[in-house]
Amino acid sequence: QVQLVESGGGLVQAGGSLSLSCAASGRTFSSYTMAWFRQAPGTEREFVASIWWSAGRTFYVDSVKGRFSISRDNNKNTVYLQMNSLKPEDTAVYYCAANPGFQRYTERTKYTYWGQGTQVTVSS
């Protein structure tokens, strides 16, 4: 059974940094695409970033390019999202997602497994 557990959310001032973690278990994820999505109140869940686990290839939504970085640690079976230069508009619940295979999906419906989410709040 696949489990994705996010951690690392919190409250930070604009311009600050946070690092989110997603601990993955229940599978060998070397052939998976791992992703981060976010959802602000009253909005749709949107794609933030993804990574092909084995190759390490990364993809980002334009609004976070140059500020966010997705990575993975094979030994810890964990995916990270390093968020720098945070803005109030980055405030959302951040979700970790996983899907078998290597794709560039940005639609939430394409991902099979989801974590429970972690709140990120950026104050102005």
Side-chain angles (χ1 to χ4, degrees):
Q1 181 180 355
V2 172
Q3 274 199 312
L4 304 175
V5 180
E6 302 97 333
S7 61
L11 173 64
V12 65
Q13 286 191 330
S17 299
L18 276 177
S19 181
L20 305 183
S21 300
C22 171
S25 61
R27 287 283 191 282
T28 300
F29 291 93
S30 58
S31 60
Y32 274 61
T33 298
M34 307 296 293
W36 287 95
F37 283 72
R38 65 186 180 186
Q39 188 168 17
T43 69
E44 296 290 319
R45 193 170 299 187
E46 68 165 349
F47 171 84
V48 176
S50 63
I51 185 168
W52 293 354
W53 193 291
S54 58
R57 190 173 177 187
T58 59
F59 309 94
Y60 299 92
V61 69
D62 285 347
S63 61
V64 307
K65 283 180 180 177
R67 300 189 299 122
F68 290 11
S69 177
I70 188 171
S71 62
R72 82 279 188 250
D73 185 322
N74 291 326
N75 291 331
K76 296 182 178 179
N77 238 26
T78 299
V79 177
Y80 303 96
L81 185 68
Q82 177 64 40
M83 305 185 294
N84 300 324
S85 302
L86 282 161
K87 305 174 181 180
E89 51 263 43
D90 294 318
T91 296
V93 177
Y94 282 70
Y95 296 90
C96 180
N99 198 61
F102 302 125
Q103 316 97 7
R104 297 186 63 174
Y105 296 146
T106 60
E107 305 92 339
R108 62 174 293 183
T109 56
K110 298 290 191 180
Y111 286 81
T112 306
Y113 304 104
W114 291 88
Q116 82 289 349
T118 185
Q119 177 71 46
V120 171
T121 303
V122 184
S123 64
S124 56

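With Trp53 as the fixed residue, the side-chain hydrogen bond (donor to acceptor under 3.5 Å, both in side chains) test singles out one of Thr28, Asn74, Asn77: Asn74.
Atom CZ in Phe47 sits 8.5 Å away from atom CZ in Arg104 (nearest 0.5 Å). Atom CD1 of Ile70 sits about 7.5 Å away from atom SG of Cys96, to the nearest 0.5 Å. Here the CE-OG distance, from Met34 to Ser71, works out to 11.5 Å after rounding to the nearest 0.5 Å. The structure places OG of Ser85 at 7.0 Å from CZ of Arg67, a figure rounded to the nearest 0.5 Å. In this structure, CZ on Phe68 lies 14.0 Å from OG1 on Thr58, to the nearest 0.5 angstrom.
For Ser54 (side chain) and Ser30 (main-chain N/O), a donor-acceptor pair under 3.5 Å exists by modelled atom type. Using modelled atom types, no side-chain atom of Arg45 and backbone atom of Gln39 make a donor-acceptor pair closer than 3.5 Å. Put simply, the side chain of Glu6 gets close to the backbone of Gln116: a donor and an acceptor are under 3.5 Å apart.
Annotation for Leu4 and Ala24: closest pair CD2-CB, 3.7 Å, computed over non-hydrogen atoms. Nearest heavy atom pair, residue Ser124 against residue Ala14, reads CA-CB, 4.4 Å.
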For a side chain to side chain contact (heavy atoms under 4.5 Å, CB included) check, start with the C-alpha distance between Met83 and Leu20, then their side-chain angles and the critical distance, and finish with the verdict.
CA-CA 8 Å; Met83 305 185 294; Leu20 305 183; 3.7 Å; yes
Yes or no on side-chain hydrogen bond (donor to acceptor under 3.5 Å, both in side chains) for Asn99 and Thr112, after CA distance, side-chain angles and deciding distance?
CA-CA 5 Å; Asn99 198 61; Thr112 306; 2.6 Å; yes
Starting from the C-alpha separation in whole Å, work towards a yes-or-no answer on side chain to side chain contact (heavy atoms under 4.5 Å, CB included) for Val61 and Thr106.
CA-CA 9 Å; Val61 69; Thr106 60; over 6 Å; no
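Between Tyr113 and Arg27 the shortest side-chain heavy-atom distance falls below 4.5 Å. Taking the side chain as every heavy atom from C-beta outward, Glu46 and Phe37 never approach each other to under 4.5 Å. Inter-residue side-chain proximity for Ser69 and Tyr60 is flagged as met; some heavy-atom pair is nearer than 4.5 Å. Considering only heavy atoms from C-beta on, Val79 comes within 4.5 Å of Trp36 through its side chain. Val48 places a side-chain heavy atom less than 4.5 Å from the side chain of Leu81. For the pair Val122/Glu89, no side-chain contact is recorded, criterion being any heavy-atom separation below 4.5 Å from C-beta on. Side chains of Val93 and Thr118 form no contact here, defined as non-hydrogen atoms less than 4.5 Å apart. Two residues are said to be in side-chain contact when any heavy atoms from C-beta on lie closer than 4.5 Å; Arg38 and Asp90 meet this criterion.
Applying the side-chain hydrogen bond (donor to acceptor under 3.5 Å, both in side chains) test to Thr33 and every residue at least two apart in sequence or in another chain returns Gln103. In this view, Phe102 and Trp52 satisfy the ring-ring contact (aromatic ring centres under 6.0 Å, His included) rule, not counting sequence neighbours.
For Glu107, the CD atom counts as densely surrounded, since its 6.0 Å shell holds more than 12 non-hydrogen atoms of other residues, nucleotides or ligands.
Counted by atom type alone, Asn84 and Ser17 present one or more donor-acceptor pairs between their side chains at under 3.5 Å.
Pairs engaging residues 78-100 under the ring-ring contact (aromatic ring centres under 6.0 Å, His included) rule: none recorded [sequence neighbours left out].
Taking 4.0 Å as the cut-off between side-chain N and carboxylate O, Asp62 and Lys65 count as a salt-bridged pair.
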